[in-house]
Amino acid sequence: MIQPVIITVALVGAEVLREHTPYIPITPDEIAKDAFECYKLGASIAHLHVRDEKGMPSQDKEIFKEVTAKIKEKCDIIIQYSTGGAVGMSIQERIQGLENMPDMATLSTGSINFGDEVFMNTRAQMIEIAQGISKYGVKPEIEIFDTGMIDSALYLLKKGYISMPIHWDFVTGMLGGVRASKEALQYMVPLLPEGSTWSVAGIGRSQFEIAKESILLGGHIRVGMEDNIYLEKGVLTPSNAALVEKTVKIIEELEPKTKRRVATIQEARAILNLKTV
Ligand code: KMH
Ligand code: ZN
């Protein structure tokens, strides 16, 4: 069955600072406003990180609660918390927000270099995160930064720490991770168990090219300033909304060929097997 395209917007992340771009949303009000603007343009999922008063990455559950409440005042976009946080954070710090019971939360199934540091996810740590996600009835999104991480996730599935239907997100184009290429997707997608759904994020300049490949191959899309701060070469995006708007145009341009349009929130909930609200 041809599925409409779910757009996830990764609004802020943990790495982009005001010194990189003045447009990154930082405060709860800014993050909620961006989420709402992206929702109006067609985004169905808000992938959330939060920041402290100094604008630095935080996983404070109270800040997550405040941001979530501010978004929910405005719209019913699907709320997805990061459990990745920032490099160097403890697992307990990373997963504290699960208590707020967001619709979804990420689960990275492997470690990878982030600049000069390591985003650490040992097997024991993955299990701890998976158990937290399951305890609060949250739907995981499995983050795949490199191909072997698929097998680590399948191990968690076999051992019962996660269950089908799995939603996967290929985070492509990180230095040291899987490439943002059609060939990489063509290798990875057939490895996923029947009934899986998947999306693709492209880091930096690869964001829109790989989004196109994902649409053509039947996947969903993640865009946003966590992954890419440029609207085009040398031009900072003025907002997350501008990135979503460009994504919607790509989906519409490809529609005669793919018969795929932008998913509504209700469609996204059905595709992802989430509770309807
Ligand atoms: N900020 C990265 C170290 C996630 O959101 O789950 C981890 C990350 C993944 O962003
Ligand atoms: Zn993230």
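In what follows, residues are counted from 1 in the order of the sequence shown. Every number for a ligand or one of its atoms is a count from 1 in the order of the listing.
Classified by interplanar angle (parallel below 30°, tilted 30° to 60°, perpendicular above 60°), the ring pair Tyr39/Phe36 is parallel. Using cut-offs of 30° and 60° on the angle between ring planes, the pair Phe114 and Phe119 is perpendicular.
What sits closest to atom 10 (O) of ligand 1 on the protein, heavy atoms only, is Glu226 OE2, 3.0 Å. Nearest protein heavy-atom contact of atom 6 (O) of ligand 1 is Thr106 OG1, 2.6 Å. The single protein non-hydrogen atom nearest to atom 5 (O) of ligand 1 is Ser82 OG, 2.7 Å, given as residue, atom name and distance.
Taking only nitrogen or oxygen atoms, main chain and side chain alike, Gly85 reaches within less than 3.5 Å of ligand 1. Note: no N/O pair closer than 3.5 Å links Glu143 and ligand 1 by distance alone.
The backbone N or O of Met225 lies less than 3.5 Å from a partner atom in the side chain of Asn240, making a donor-acceptor pair.
Checked against Val248 for a side-chain contact (heavy atoms from CB on, under 4.5 Å), the options Ile7, Val5, Ile221 give a single hit: Ile7.
Of all atoms in ligand 1, listed by their number and element, those nearer than 4.0 Å to a heavy atom of Glu15 are 1 (N), 2 (C), 3 (C). Near Phe114, the atoms of ligand 1 lying under 4.0 angstrom from a non-hydrogen atom of the residue are 2 (C), 3 (C). Less than 4.0 angstrom separates some heavy atom of His47 from each of these atoms of ligand 1: 5 (O).
Listed by first and then second residue, the ring pair (Phe, Tyr, Trp, His ring centres under 6.0 Å) pairs that reach into residues 205-255 come to none, sequence neighbours excluded.
Side-chain heavy atoms closer than 4.5 Å link hydrophobic residues (I, L, V, M, F, W, Y) into clusters, and following such links, possibly through other members, connects Leu192 to Met126. The cluster map of Ile, Leu, Val, Met, Phe, Trp and Tyr, joined by side-chain heavy atoms under 4.5 Å apart, puts Leu274 and Ile142 in different clusters.
When you scan the N, O or S atoms of Glu226 for the one nearest the Zn ion (ligand 2), you land on OE2.
Geometry about the Zn ion (ligand 2) gives an angle of 100° between NE2 of His47 and NE2 of His49, rounded in steps of 10 degrees.
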